[in-house]
Every structure is written in structure tokens, then in C-alpha cells.
Number of protein chains: 2
Amino acid sequence: MKATIFNVAVDLFFRKGYFATSMSEIAKGCGIKKASIYHHFAGKEALLFAIMDTTMQDLLAHLESCLTRENDTEGRLRAAVRGHVRFHLERQKETFIASSELRGLTPAHFYTVTARRDAYESIFQELIRHGMGQGVFAPGDVKILSYAVLTLCTAGASWFRPEGRLTVDAIAAIYETFVINGLQPARAASGRGAAVISDVACGH
Amino acid sequence: MKATIFNVAVDLFFRKGYFATSMSEIAKGCGIKKASIYHHFAGKEALLFAIMDTTMQDLLAHLESCLTRENDTEGRLRAAVRGHVRFHLERQKETFIASSELRGLTPAHFYTVTARRDAYESIFQELIRHGMGQGVFAPGDVKILSYAVLTLCTAGASWFRPEGRLTVDAIAAIYETFVINGLQPARAASGRGAAVISDVACGH
DNA sequence: GTCTATACGATGATAGAC
DNA sequence: GTCTATCATCGTATAGAC
């Protein structure tokens, strides 16, 4: 039953939002009365925290398992992007909640979840920084570019439809290409891109 | 006073979210009692709709004004991305609300706002499609790539800090480069990118 | 245009029976 | 572990005085 409550809450928080969802609705979705929920969870916020915390833990573990198989920097970032997109689409509801309902957490829980998120982001930032050092990626502002890469893929969780035209793997491949292309030095033919990045944003 | 209520609501909806904000809080922020708000707005949802609708109208008008100055396809998409990012960072609170609080609208208002959003997205999709036809951009799935471009830049409104390290224009330039690079055909040297896009996602 | 006063429902949460 | 019953609070919104 604890798992049922968890799953129903995930579904409702995803569809209606955390604040717009009531304990009565969750209970109704489980076929019990709302008082019974308090036997399994301390309260509504505890339920939200349980969802977000397990999601962030799983996300971090998933990324680490994706990276163990890769060696060179470009391959590692490609794997990281693919894994990021796959996780966000396959566990769409939880990841959408995790990235949009932070304001519903108590300060202590907020700290815990954002700490996990920061650790996750750091891995991407290290990969990008390393690739720039090797010349695999064009020089640029690591923080901004990492946000670009991450939010780009995270946003997939807000428009993705499982029954839609493309599979998760197809979308992951498109994003992988887009991101790696975006980070690589611009071609000699056009040449405007990398110049703009390094002119404007390289550590001033 | 109507404008004051509007601005205070923008600030609170941005910081706490629409459902988590009460009419009393808005009134307190304006220095009046909550009953007085109903003289200016029909209710809380009317306030949300007013914010979202004017924001989407202004966003669309802004894009059109950015495009009148440009001729070739790449230049037009560059200008569109720059304009998109600038608008989302300069009017951060409103655009964040507009992209995250759709669920708070009545069905009729939801329809109006999403219609404006779809019109906006179509302009980007046409630019990308046109560029692919010319060979300026690599062939690929227009819908997915347009979502990638748009959400990428929209997400700026969720992490941007006006007092931060980089100016709006600097961030816009970084994003412009990243997006155009991401869409262009991959270089001969590496060559994996465009192949993956067209293999996987080109109209099957 | 703003106020006081209030209607009226829904909310998260608790107590205690079974 | 689930129930019924209930609490205290807060929500949006309205009526009518000034």
C-alpha cells in the first residue's frame, strides 16, 4: 500500500502539480480514506520528498553506471547525455516533479535534494571542462553550457508522450548529436560560432 | 493600482508558484485588503490569465520585430534565438510563469494561451524546416529539434540571476552559437552527428 | 476604490474505535 | 492498517457601508 500511495501521488503531482493535489484525491486514487495515508507517510511534504529523493538518487546512480563503460571524453559526454535523456523520458513523471516542485519542500529537504542535483550537474561540468582542455569542445563558459545541455534534455520530460511518434532511443540520439555538435568548435567554412563563444564568455 | 496588483502577483507567482500564493499575500504586497483586488480583477485565475496573455502577446510581437531585420535563413534563426533568450531573461518572472503555470488556467484561457504559444513555435519550426531544405542545417526531425531549441532557451528563465556573472547579451550570444552549431551538419572530420539524426528520425 | 464582515467549502492533520 | 469523526485553519469570493 505504501508503494501504491507513492505511485498515485507521482501521477497526481505530475498531472495537477503538488499544491493543487489534495490528500483526499491521493486517497481516492488508492481506494482508501485520507487518514490512512498518515500511517505510511508523515504528511504531504514527506510524500513529495520521498519521490524527489529516490528519483535523484536513482538518477545519479544511473549516470554513474552509464559512464563506467566509456573512456574518451567525447564518448563519456555522449553517454551522459543519452543516459540523461533516457532516464528523464522513461521516468518522466518523477523527473518532471523533481525539477518543478522544489518549492514545495521544507528548507532541510530542499537542501538535501539540491545537493544531489548539484553533484549531478558537477559531473557534466567536469566532462565539459575536460573536453575543452583537450580541444574536443570549443572554449566557452562551462556553467552556462552545462545548464544549456541539462535543461535542454530535462525539458523533454515536459513535452514527451510515450505513445508518440518517436521512441526514447531515437530522441536520445537526436539530443546526443545536437549537444555534441553544439559544443564542438565551429567548422572552418562558417567559423562564426566558436569565435563568439570565446570572445564573449571566456572568464571575464 | 491595477498595475501594482499585476506586478505584485507576477513577483509572488514567480517566487512561490500560483497555487501556493494567496489573495491575502497579494493584497498585503500592495498595501490593501484582499477584497479590494476584486474591484480590479474578476478573481485569482483572471489575474493569472492577464499575466500569461500579455506576456505571450509581447513575446510574439518581439519575435516578429526581430525577424524583420534579417534576410537569410541562418541569420533569421540566429536573430530568433537571440530575441527569444533576451525576452526570457529580461522578463524572467513573467516568462517563467507563462511556461510553468498553464495548469492553473480555465480550459478556455488555457486554449487561448496555448494557441499563442503554438503560433510562436511554428515560426521557429518554419525557419528550421526552411534551413534544412537549403542544406544550411542538417536534416532531422523538425518538431523535436524546435522543442530542443525553444526549451533550451526558455529554461534560462529558471536559473538566470540578473545580478550574476554574465549579461543578458552574453548569454544570448552563447545560446545562439550553441543552437546554430547544433543544427548545422556535422564536420567531415567526425561525421557521426548528422548521420545519426537522419538515420533515426527522418520521417519513418 | 477601499474598507469591514462574513459566507462557505476544502484543506492538512489528529484522536481514537475496530 | 483502515476506519469514522472532528479540529483548526485557511482558501476564494461576495455583500454592503463609507
Side-chain angles (χ1 to χ4, degrees), chain A residues 1-54 93-94 97-98 100-110 112-113, chain B residues 1-54 97-98 100-110 112-113:
Chain A
M1 175 52 70
K2 186 165 181 173
T4 303
I5 295 170
F6 185 98
N7 291 328
V8 170
V10 165
D11 189 62
L12 287 169
F13 290 170
F14 173 70
R15 280 171 29 217
K16 315 186 49 173
Y18 171 69
F19 287 103
T21 300
S22 71
M23 295 297 268
S24 316
E25 287 174 295
I26 298 171
K28 186 166 291 179
C30 302
I32 57 177
K33 300 298 170 184
K34 66 175 173 178
S36 308
I37 297 177
Y38 292 87
H39 179 75
H40 302 279
F41 292 94
K44 193 182 171 186
E45 192 269 347
L47 197 36
L48 177 64
F49 176 65
I51 294 169
M52 295 185 117
D53 199 44
T54 62
K93 293 177 187 177
E94 291 160 271
I97 294 166
S100 64
E101 299 290 8
L102 274 167
R103 292 178 296 198
L105 296 172
T106 61
H109 287 160
F110 180 90
T112 302
V113 173
Chain B
M1 176 52 69
K2 186 165 183 173
T4 303
I5 296 170
F6 186 97
N7 291 327
V8 170
V10 166
D11 189 62
L12 287 169
F13 290 170
F14 173 71
R15 279 171 30 214
K16 313 188 49 172
Y18 172 69
F19 286 104
T21 301
S22 71
M23 294 297 267
S24 314
E25 287 174 295
I26 298 171
K28 185 164 291 179
C30 301
I32 58 177
K33 300 297 170 186
K34 64 177 171 179
S36 307
I37 297 177
Y38 292 87
H39 179 75
H40 301 279
F41 292 95
K44 193 182 170 185
E45 192 270 346
L47 197 36
L48 177 64
F49 175 65
I51 293 169
M52 293 186 119
D53 199 44
T54 60
I97 293 165
S100 64
E101 299 289 8
L102 274 167
R103 293 179 295 199
L105 295 172
T106 61
H109 287 160
F110 181 90
T112 303
V113 173

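Naming convention: chains lettered A, B, ... in sequence-line order (proteins, then strands); numbering from 1 in each chain. Values in this document were obtained by computation on a predicted structure and should not be read as measured data.
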Which nucleotide in [options] has an atom nearest any side-chain atom of [X]:
X	options	result
His40(A)	dC3(C), dG1(D), dT14(C)	dG1(D)
Tyr38(A)	dT14(C), dA15(D), dA13(D)	dT14(C)
Ala35(A)	dT2(C), dT2(D), dT4(D)	dT4(D)

What is the distance, rounded to the nearest whole Å, between atom [atom1] of [X] and atom [atom2] of [N]?
X	N	atom1	atom2	value
Leu48(A)	dG12(C)	CG	P	13 Å
Phe41(A)	dT2(D)	CZ	C1'	16 Å
Lys34(A)	dC3(D)	NZ	C1'	13 Å
Lys33(B)	dA5(C)	NZ	P	11 Å
Ile37(A)	dT14(C)	CD1	P	13 Å

Next item on the list: Could you tell me whether Lys16(A) and Glu25(A) make a salt bridge, using a distance below 4.0 angstrom between a side-chain N and a carboxylate O?
Entry: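 The answer is yes: the pair qualifies as a salt bridge.
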Check: Looking only at N and O atoms, is any donor in the side chain of Lys44(B) or the base of dG11(D) less than 3.5 Å from an acceptor on the other one?
Finding: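 No, no donor-acceptor pair under 3.5 Å.
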Note to self: Does any part of the side chain of Leu105(A), heavy atoms only, come nearer than 4.5 Å to the side chain of Thr112(A), both counted from C-beta?
What the structure shows: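 Counting from C-beta outward, Thr112(A) and Leu105(A) never come under 4.5 Å.
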Item checked: Within residues 1-23 of chain B, residues whose heavy atoms come under 4.0 Å of DNA chain D ->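 Correct list: Thr21(B), Ser22(B), Met23(B).
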